[in-house]
Amino acid sequence: MHPTHLTGVFFALLAAVLYGAGDFSGGVASRRHHVAQVLLLASCASMVLLSVLVVLLGEAVPPPADLFWAGLAGIAGALGLAALYRALAMGNVALVAPTAGVIGAGLPVVWGAFTEGLPSPAQLLGFIAAVFGIWFVTRNGPASATGKPRQSGLILAILAGIAFGAFFILIAQMDSSAVLLPLLVAKGAAACIALLLVAFGGMPLPSVRRNPYALLAGALDGVANAIYLLAQHHTRLDVAVVLTSLYPAVTVLLACLLLKAKISGSQWAGVLLCLVAIALIVA
């Protein structure tokens with residue numbers, strides 16, 4: 001087993017843990033404040049953290065093409081979050097979350113098959129296990145108040161999944177080894193999208209002092225993005241994306257541990273499938 005591949009796997013799993021913790025923090029923040037305000041504050045927190053790291057580490061400025069891809073990735077990520085949160089607000093959680101998660105992980109796998117060739121049979125089985133794991137671990141409630149799926153919410157979930165998949169694909173188009181500056185550009189683009197949502201919604205700017213969970217979500221997301229880029233530099237795009245996309249399992253476990261949320265049998269099955277997926281992909 002190539003040590004570079006193992007390094008990529010480690011970074012991808014670490015990114016999944018941080019993404020899951022960031023989503024948990026963002027979810028707590030969204031209970032108290034509007035989603036657009038949380039997204040804006042989280043994006044700004046990521047920008048501040050990344051700016052400090054850029055100054056401390058003195059990372060060289062990447063080529064303009066890399067900054068262009070990073071900006072597009074940031075816009076895609078922000079639009080994906082906006083569509084996802086809007087769909088979730090419609091009450092279609094059991095269908096929306098797994099749909100967006102599976103599509104977001106699946107698109108880069110298809111892209112990787114065309115650009116890097118098919119993965120090994122064991123990894124392919126791992127991808128399949130991961131898809132089912134993501135689906136089961138995010139199914140935590142009824143489809144809607146009436147028990148019937150809402151088409152508008154499903155369409156938004158599909159759009160969110162496409163946007164998340166586009167983020168992973170676009171950010172992988174960078175040729176240089178730079179990490180922090182491209183992510184700073186990506187978060188700047190995301191902050192602009194969030195600011196537009198706040199402005200068009202007629203909402204006030206979020207208070208920094210009253211939104212600690214949003215700040216934490218932004219910091220965790222910024223670090224997770226940087227670690228994901230490191231993972232993508234050390235292993236195949238599809239491997240990095242699928243392992244990183246296991247983050248919902250972390251979010252569910254944190255909700256169980258910290259909020260005493262009940263985890264259904266299907267969610268535990270999803271967590272188990274995620275673990276099986278990790279073993280197959282590593283192998």
Side-chain angles (χ1 to χ4, degrees), residues 10-59 62 67 70-71 73-82 84-85 104 163-164 167-168 171 174 178-195 197-198 205-233 240-241 243-255 257-259:
F10 170 77
F11 282 137
L13 292 176
L14 180 57
V17 172
L18 293 173
Y19 275 130
D23 277 8
F24 173 79
S25 300
V28 173
S30 297
R31 291 182 176 183
R32 307 173 184 177
H33 306 279
H34 193 278
V35 167
Q37 294 174 312
V38 173
L39 182 59
L40 175 58
L41 198 55
S43 297
C44 291
S46 293
M47 290 177 63
V48 171
L49 175 63
L50 292 170
S51 298
V52 172
L53 292 176
V54 166
V55 173
L56 292 177
L57 300 178
E59 185 177 82
L67 300 179
I75 293 173
L79 292 176
L81 282 175
L84 177 65
Y85 288 151
F164 292 147
F167 169 82
F168 287 123
I171 205 73
M174 299 187 305
V179 172
L180 300 175
L181 277 170
L183 287 179
L184 182 58
V185 172
K187 286 302 176 184
C192 291
I193 296 296
L195 186 60
L197 293 175
V198 169
L205 292 176
S207 169
V208 175
R209 299 177 64 180
R210 295 178 59 188
N211 291 269
Y213 283 104
L215 295 175
L216 179 60
L220 290 170
D221 185 71
V223 177
N225 283 331
I227 293 176
Y228 163 74
L229 275 184
L230 292 176
Q232 191 267 321
H233 287 160
V241 170
L243 289 177
T244 300
S245 297
L246 299 179
Y247 65 86
V250 178
T251 305
V252 169
L253 291 175
L254 285 175
L257 293 174
L258 301 180
L259 300 181

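- Taking each heavy atom of Pro62 and Leu67 in turn, the nearest pair found is CG-CD2, 3.6 Å.
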| field | side-chain contact (heavy atoms from CB on, under 4.5 Å) between Tyr247 and Leu18, intermediate numbers included | value | CA-CA 8 Å; Tyr247 65 86; Leu18 293 173; over 6 Å; no
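- Contact between Lys187 and Ser43 at its shortest, heavy atoms only, is O-CB, 4.0 Å.
- Side chain of Gln232 to main chain of Ala240: no donor-acceptor pair is present (N/O by atom type, distance under 3.5 Å, no hydrogens or angles).
- Between Leu254 and Asp23, every side-chain heavy-atom pair lies at or beyond the 4.5 Å cut-off.
- Remark: Tyr228 OH to Thr244 OG1 distance equals 6.5 Å, nearest 0.5 Å.
- When all heavy atoms of Ala29 and Tyr213 are compared, the pair lying nearest together is CB-CB, 3.8 Å.
- Interatomic distance, Cys44 SG to Asn211 CG, rounded to the nearest 0.5 Å: 11.5 Å.
- Rounded to the nearest 0.5 Å, atoms NE2 (His34) and CG (Leu39) are 11.0 Å apart.
- Separating the CG atom in Leu81 from the CG atom in Asp221 is a distance of 7.5 Å, to the nearest 0.5 Å.
- Contact annotation: the side chain of Val55 never approaches that of Ser51 to less than 4.5 Å [non-hydrogen atoms, C-beta and beyond].
- Tyr19 meets the side-chain hydrogen bond (donor to acceptor under 3.5 Å, both in side chains) test with Asn225; sequence neighbours excluded.
- To the nearest 0.5 angstrom, Leu49 atom CG is 10.0 Å from Leu184 atom CG.
- Checking side-chain atoms of Ser46 against main-chain N and O of Gly218 turns up a donor-acceptor pair under 3.5 Å.
- Across Val250 and Ala21, no two heavy atoms sit closer than the pair CG1-N, 4.1 Å.
- Among all heavy-atom pairs drawn from Ala189 and Ile75, the shortest one is CB-CG1, 3.8 Å.
- Exactly one of Val54, Leu56, Leu229 qualifies for a side-chain contact (heavy atoms from CB on, under 4.5 Å) with Leu180. That residue is Val54.
- Here the CG atom belonging to Leu53 is positioned 10.5 Å from the CG atom belonging to Leu181, to the nearest 0.5 angstrom.
- When the ring pair (Phe, Tyr, Trp, His ring centres under 6.0 Å) test is applied to Phe24, no partner is found at least two apart in sequence or on another chain.
- Between the His33 side chain and the Arg210 main chain, a donor and an acceptor come within less than 3.5 Å of each other.
- For the pair Val38 and Gly26, the tightest heavy-atom approach, listed with the atom from each and the gap, is CG1-O, 4.2 Å.
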